[in-house]
Amino acid sequence: MPELRQNFFTKEWVIIATERAKRPEELATHRPAQTVPSFVESCPFCPGNENKTPPEIMRYPANGNGNSNAPWTVRVIPNKFAALSRETQPTRSLQDVWRRIEGFGFHEVIIDSPDHAACMALLRDEQVGDILRAYKERYSLLSMDRRINHVTIFKNHGADAGASLAHPHSQLIATPVIPSQVRHRLHEALRHYDDDGTCMFCHMVEREVEEQTRIVQKSEHFVAMEVFASATPFATHIFPLRHMASFGDISAAEIADLARVLRSLLAKIYVGLENPDLNFTIRSGPSDYASARHFHWYVSVIPRLTRVAGFELGSGMFINTVLPEAAAEFLRGVKVEKAVGA
Ligand SMILES: [Zn+2]
Ligand SMILES: [Zn+2]
C-alpha cells in the first residue's frame with residue numbers, strides 16, 4: 001500500500017508510492033559512457049585560459065597574480081553572468097503591495113579542478129577537501145558582510161540539473177534576504193527546540209543511527225542517510241554528528257572527513273545509477289547562526305532521476321517511487337573503491 005510520510009525537520013508530507021515502486025537499479029540512466037577530454041581549448045575554466053574569466057577572487061595554491069597561468073588546484077571567480085550584483089546596495093522599498101530590494105549580492109563560481117573531465121565523484125579525496133576548504137573560506141568571508149543574510153553553496157552536475165558549462169564547477173550565491181524555504185526550516189527547528197529543548201537534527205540523527213535501515217555510511221564525524229520521508233529517489237543527506245548550526249564552523253579534520261564521505265557518496269551514485277545528473281547543496285543556518293542551538297547544517301545530494309510535474313507544483317508535495325530504505329540498502333551495496341581512484 002502507498003504511505004504518507006512526514007519529514008521530521010521540514011514537516012513536509014511525501015507520498016511513498018509502493019504501488020508504482022521501482023527497484024533502485026531500474027532508475028539507472030543507462031546512458032552510453034562518453035569519453036570527456038581532460039582539456040578543451042575553448043573552455044574558459046581549463047588551464048591556460050585563466051584570462052578568459054572575470055578577475056580571480058582566490059585560488060589554491062595561493063598566488064599573488066590573479067588570472068595567472070601558474071598551476072592551481074581550485075580557483076574562485078565571479079560568475080560572468082551573475083544573478084546578483086556586488087556593484088549596488090541592498091536598498092529596500094515598499095510601495096503599496098510592491099516590495100523590492102536592489103539586486104545586491106555575490107554570485108561566485110568555484111572551479112573544482114583544472115581537469116575538464118574530473119567530475120567530483122572521480123576526484124581524489126584531497127582534491128574534494130580543497131574544494132570544501134574554498135567553500136568554507138568564501139562562506140566565512142561573505143557571511144561577515146552585514147548586507148548578506150544567507151549564503152547558498154551548490155553544484156549543478158549535468159544539463160538536467162542546470163549545468164550550462166561542462167567543466168566541473170560549483171557555485172555560491174550570497175543574498176541580502178533569508179529565502180522563505182530556509183526561514184520555514186528555521187522556524188520548525190526553533191519550535192522543536194522550544195518544545196523539546198533539543199536540536200531536532202541531533203535528535204533525528206541519533207535515532208536514525210540506532211535504527212540503521214536508512215544509513216548509507218557513517219564516518220568519524222558525519223553520517224550519510226536517506227531521510228524517512230525522502231521526497232525524491234536517492235535524495236541523500238549528510239549530517240555532521242557534532243552539533244553545528246553553521247557550515248562556517250567546520251574544522252579542518254571535519255573537512256577532510258566530509259571530503260571522504262561526500263566523494264564516496266557521489267561515487268556510489270555515479271557507479272550505481274550510471275552518472276545521473278544531480279544537484280547538491282549545503283544547507284547552513286544564516287550567517288548570524290554560528291552558535292545557534294536549534295539549527296544544524298547539512299549537505300543534501302539530489303540525483304535528478306524524476307521530473308517535477310503538476311502535482312508537485314500544485315501542492316509542494318512529492319511522490320517518491322523508491323522506498324528510502326531500499327535506496328539506502330542499494331547505495332550501501334555499491335562498491336566504489338575499484339572504480340574510482342581514492
Ligand atoms: Zn574545461
Ligand atoms: Zn544539532
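First listed ligand is number 1; within each ligand, the first listed atom is number 1.
Ring-centre distance between F201 and F295: below the 6.0 Å cut-off. You'll find the ring centres of Y298 and F222 outside the 6.0 Å limit. Aromatic ring centres of H243 and H296 lie closer together than 6.0 Å. For F39 and H116, the gap between ring centers reaches or exceeds 6.0 Å.
Take the Zn ion (ligand 2) as the corner point: the lines to SG of C199 and to ND1 of H296 open at 110°, to the nearest 10 degrees.
Cluster annotation: L241 and M200 are assigned to the same hydrophobic cluster (Ile/Leu/Val/Met/Phe/Trp/Tyr, side-chain heavy-atom contacts under 4.5 Å, transitive). Both F106 and Y139 are members of a single hydrophobic cluster when ILVMFWY side chains are connected at heavy-atom separations under 4.5 Å.
Around the Zn ion (ligand 1), the protein contributes the following N, O or S atoms at distances under 2.8 Å: C43 SG, C46 SG, H116 ND1, H167 ND1.
Among residues two or more places apart in sequence or in another chain, the ring pair (Phe, Tyr, Trp, His ring centres under 6.0 Å) test is passed with F330 by F234.
Counting backbone and side-chain atoms alike, H243 contributes an N/O/S atom closer than 2.8 Å to the Zn ion (ligand 2).
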